[in-house]
Amino acid sequence: MKALQRFESSRLRMNYPIVRFAPSPTGYLHIGGARTALFNWLFTRKHQGKFLLRIEDTDLERSEEKYIDQIISALDWLGLDHDGDYILQSNNLSSHQAALDQLLAQGKAYRCFYSKEELDQLRLAAEKAKKPFRVPTTYRDLSQEELNKHLQDKKEFTIRLKVPEGETRFEDLVFGNITVQNREIDDFILARSDGSPTYNFVVTIDDADMKITHVIRGDDHLANTPKQILIYEALSLPVPTFVHLPMILGSDGKRLSKRHAATNVQEYKEKGYQPKSIINYLSLLGWNPDSNEEIFSINEIIEQFELNQIQKKPAIFDEKKLNWVSGQHLQKSSIKELIEAIKDLDLTWAEHHSEDFVKKLLLLLRDRSKNIQDIIELGNIIMSNPSSYSQDELHNIFKGNNFEVIENFISGLEAEEFTQSNIEQLIDNISIQCELSLGAVMKQIRFAITTITYGPSLVEIIILLGQDTIISRLKKFVQHST
RNA sequence: GGCCGGUUCGUCUAGUGGUUAGGACUCAGGGUUUUCAUCUCUGCAACAGGGGUUCGAUCCCCCUACCGGCUGCCA
């Protein structure tokens, strides 16, 4: 019977995983957190499980309400939707207390009357003697009488777990079998002297209460896992499956921190990266599908995602590759999609232009941009009438301030019908007349019209902006520069 | 110090007891293009080191080095 139950429950857990992402609201959602959230999310979306969001707000000193909103909106922007409302860890205090009482009552935890200062001294002494420090188990098995005496003295105490003899082993889905000798683990603290429960304890209780089947988190928690397993076991709670993800590092190979370029998800939104690009790139960090393909839609990633293909070694976040991924996705994006993404960043962009104009402009910009911000900026340059020119470039491009090309171009445009073939013909003629290469002629015209020397096809820009705008810009340019 | 992990081009990675160790990004060069970008072609570039096991190790075992985590009344 029991075996059958175990079988049933493991089957259930296989089919309907419940996972959680558990950020603490002490800062913005950063790239590393986003990756953890993503892998949790991918796993549940693939297996029709539940992706829960738990806000670990028990560090009252550092937690801030505004960060909760920011984390949620960043996840939302990425499209990593969680199931149900988010859960506040601070709402589960009574369960933490109950578990603590239970462990105490069952003699699986005990009150330890060492003060922090005493322990610090012992720790220091051990260090000096180059011996490994162990918390003494002096108070582990006090008689009721001794215990009462200490309590009557109002002596402060912490609550520690009685770590049993033996070893603790588990199979991590990424790192494989891990075994730790329990004698390497101190009777660690479950509750501080002010009664508040510690991280390892709270996480365990919450995960159990939320019926988490797969704990997917950063590998900085790998070494905490045996402790948490000891807590599950002390409380006879089912132990979830653990999946530790290798860290994401900065370009210097160190843990991602403020020192690195951009770590905040919000910054990538502002820079104009699309969520699908971020997700595609992040998914490739530490994971890869069984193919040489690298550009995927989100659904394709979900389809192919497997936890057991995750890498063990940490990965460095490479903005150059992100740019490439982003450019690839941009080229696949529809005009409608681009317009929406642009509006997200800048509501006033191209507001005085017709829908048709915007479409044609985006068609010109899409293939040469890495992100939405690139499109906005290049577009702005093309759309706005120049107010000033770089003098250095101007002298460089117009040797001896000779504006013959521009003047000829203006009179040519005024004389002919404004069509693509006429304009091309005109440029050809000027090239011959002025004895300049086609490239040199176009460079001069491009610069006069847009102030820059790069960008989409010149003739297409001219057609798009229209005869009046072009002639007026060229005339102003000549006035300005002579 | 102790414990637990990790290590394939600069970066992300594939891979196998016998391979010219594959792909992608970056970089360099060529082609396409009016420019820039795209696209395309070519090139540079890696099994951390040392011992074993083996006919043969990048792959299996051990040691070393380096990196990371834990060793907190932080999370």
Side-chain angles (χ1 to χ4, degrees), chain A residues 22-24 26 56 58-59 61-63 112 114-116 119-120 123 126-135 156-160 172 174-176 178-181 183-186 188-200 202-203 218-227 244 246-247 249 251 253-255 281 284-295 311-325 327-328 330-331 365-370 374 378 424 427 431 437-447 450 452-459:
Chain A
S24 57
T26 54
E56 308 212 324
T58 40
D59 185 349
E61 301 246 319
R62 293 191 300 153
S63 292
C112 169
Y114 275 116
S115 71
K116 189 172 182 351
L119 288 177
D120 283 347
R123 204 177 337 254
E127 239 167 71
K128 270 187 188 163
K130 294 199 171 163
K131 282 185 177 166
F133 172 70
R134 293 270 85 98
V135 173
E156 285 206 331
F157 61 85
T158 57
I159 298 175
R160 291 182 184 272
D172 186 279
V174 172
F175 287 88
I178 293 182
T179 306
V180 177
Q181 298 304 316
R183 75 180 110 85
E184 301 290 345
I185 304 174
D186 276 332
F188 58 95
I189 293 180
L190 304 176
R192 306 177 182 93
S193 49
D194 67 0
S196 64
T198 56
Y199 170 78
N200 277 314
V202 170
V203 164
D219 76 6
D220 46 340
H221 290 290
L222 198 56
N224 284 326
T225 304
K227 293 183 190 173
H244 285 95
M247 302 265 89
L249 310 177
S251 49
K254 304 249 187 253
R255 267 177 92 154
Y281 177 64
L284 257 22
L285 247 36
W287 172 82
N288 74 87
D290 252 351
S291 75
N292 277 337
E293 301 288 308
E294 295 194 297
I295 301 301
Q311 201 85 3
K312 292 191 183 91
K313 73 162 181 181
I316 290 173
F317 187 85
D318 180 11
E319 212 158 328
K320 291 214 172 103
K321 183 123 186 191
L322 170 65
N323 275 332
W324 176 76
V325 171
Q328 295 291 314
L330 216 52
Q331 289 181 36
L365 299 178
R366 181 176 56 186
D367 289 353
R368 55 203 342 103
S369 302
K370 293 296 186 200
D374 286 353
L378 226 201
E424 281 167 0
I427 292 172
S431 160
S437 73
L438 210 56
V441 172
M442 288 197 166
K443 195 172 186 181
Q444 294 191 358
I445 298 172
R446 175 189 293 279
F447 183 76
T450 64
I452 54 174
T453 55
Y454 56 88
S457 154
L458 178 62
V459 177

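Just so it is clear: chains get the letters A, B, ... in the order the sequence lines come, proteins before strands, and each one is counted from 1.
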Heavy-atom closest contact ([X] atom, [Y] atom, distance):
{"X": "Leu378(A)", "Y": "Tyr454(A)", "answer": "CD2-CE1, 4.1 Å"}
{"X": "Leu284(A)", "Y": "Glu294(A)", "answer": "CD2-O, 3.5 Å"}
{"X": "Phe175(A)", "Y": "Asp219(A)", "answer": "CZ-OD2, 3.7 Å"}
{"X": "Leu285(A)", "Y": "Ile316(A)", "answer": "CD1-O, 4.2 Å"}

Would you measure the distance from the [atom1] atom in [N] across to the matching atom in [M] and give it in whole Å?
{"N": "rG50(B)", "M": "rG68(B)", "atom1": "P", "value": "24 Å"}
{"N": "rU11(B)", "M": "rU26(B)", "atom1": "C1'", "value": "8 Å"}
{"N": "rG51(B)", "M": "rA46(B)", "atom1": "C1'", "value": "23 Å"}
{"N": "rU19(B)", "M": "rC27(B)", "atom1": "P", "value": "34 Å"}
{"N": "rA48(B)", "M": "rC55(B)", "atom1": "C1'", "value": "27 Å"}
{"N": "rG23(B)", "M": "rC9(B)", "atom1": "C1'", "value": "12 Å"}
{"N": "rC3(B)", "M": "rU20(B)", "atom1": "P", "value": "43 Å"}
{"N": "rG17(B)", "M": "rC44(B)", "atom1": "C1'", "value": "30 Å"}

Any idea which of [options] is nearest the [X] side chain?
{"X": "Ile178(A)", "options": "rC25(B), rA75(B), rC4(B)", "value": "rC4(B)"}
{"X": "Lys320(A)", "options": "rG6(B), rC25(B), rC73(B)", "value": "rC25(B)"}
{"X": "Ala315(A)", "options": "rC4(B), rG68(B), rU13(B)", "value": "rU13(B)"}
{"X": "Val180(A)", "options": "rC4(B), rC70(B), rC12(B)", "value": "rC4(B)"}
{"X": "Asn292(A)", "options": "rG22(B), rA75(B), rU11(B)", "value": "rG22(B)"}
{"X": "Pro132(A)", "options": "rA75(B), rC12(B), rG1(B)", "value": "rG1(B)"}
{"X": "Lys312(A)", "options": "rC12(B), rG6(B), rC74(B)", "value": "rG6(B)"}

Expressed in angstrom and rounded to an integer, what is the separation of [X] atom [atom1] from [N] atom [atom2]?
{"X": "Lys130(A)", "N": "rU71(B)", "atom1": "NZ", "atom2": "C1'", "result": "17 Å"}
{"X": "Glu61(A)", "N": "rC73(B)", "atom1": "CD", "atom2": "C1'", "result": "13 Å"}
{"X": "Leu322(A)", "N": "rU26(B)", "atom1": "CG", "atom2": "P", "result": "12 Å"}
{"X": "Arg183(A)", "N": "rU71(B)", "atom1": "CZ", "atom2": "P", "result": "19 Å"}
{"X": "Ile316(A)", "N": "rU7(B)", "atom1": "CD1", "atom2": "P", "result": "14 Å"}

For [X], which contact category applies under a 4.0 Å heavy-atom criterion: base, sugar-phosphate, or nothing?
{"X": "Ser115(A)", "answer": "base"}
{"X": "Asn224(A)", "answer": "base"}
{"X": "Phe447(A)", "answer": "nothing"}
{"X": "Lys227(A)", "answer": "sugar-phosphate"}
{"X": "Gln311(A)", "answer": "sugar-phosphate"}
{"X": "Gly327(A)", "answer": "nothing"}

Pair Arg192(A), Ser196(A) - check side-chain hydrogen bond (donor to acceptor under 3.5 Å, both in side chains), show working. CA-CA 5 Å; Arg192(A) 306 177 182 93; Ser196(A) 64; 2.8 Å; yes
Is any side-chain nitrogen or oxygen of [X] closer than 4.0 Å to OP1 or OP2 of [N]?
{"X": "Asn288(A)", "N": "rU13(B)", "answer": "no"}
{"X": "Lys313(A)", "N": "rU8(B)", "answer": "yes"}
{"X": "Arg255(A)", "N": "rG69(B)", "answer": "yes"}
{"X": "Arg123(A)", "N": "rC73(B)", "answer": "yes"}

Answer yes or no: side-chain N or O of Thr198(A) and base N or O of rC73(B) forming a donor-acceptor pair under 3.5 Å. no
So, Tyr114(A) versus Phe157(A), ring centres under 6.0 angstrom or not? no
Within 6.0 Å of CD in Gln311(A), more than 12 heavy atoms from elsewhere: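 Enclosed: over 12 neighbouring heavy atoms sit under 6.0 Å from CD of Gln311(A).
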Exceeds 12 heavy-atom contacts within 6.0 angstrom, atom NZ of Lys370(A): yes
When both hydrogen-bonding distances must be under 3.5 Å and the geometry is Watson-Crick or G-U wobble, what is [N] paired with, if anything?
{"N": "rC3(B)", "value": "rG69(B)"}
{"N": "rC59(B)", "value": "none"}
{"N": "rA28(B)", "value": "rU42(B)"}

Considering the options Val203(A), Thr198(A), Val180(A), Ile185(A), which one meets the side-chain contact (heavy atoms from CB on, under 4.5 Å) requirement together with Lys227(A)? Ile185(A)
Reading 5' to 3' through nucleotides 32-42 of chain B, protein heavy-atom contacts under 4.0 Å coded B for base, S for sugar-phosphate only, - for none: --BBBBSS---
Should Asp220(A) and Arg255(A) count as an ion pair when the cut-off is N to O under 4.0 Å?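 Salt bridge: yes.
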Closest-nucleotide mapping onto RNA chain B: is Phe317(A) or Glu156(A) further toward the 5' terminus? I mean the 5' end.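 On the 5' side of the pair lies Phe317(A).
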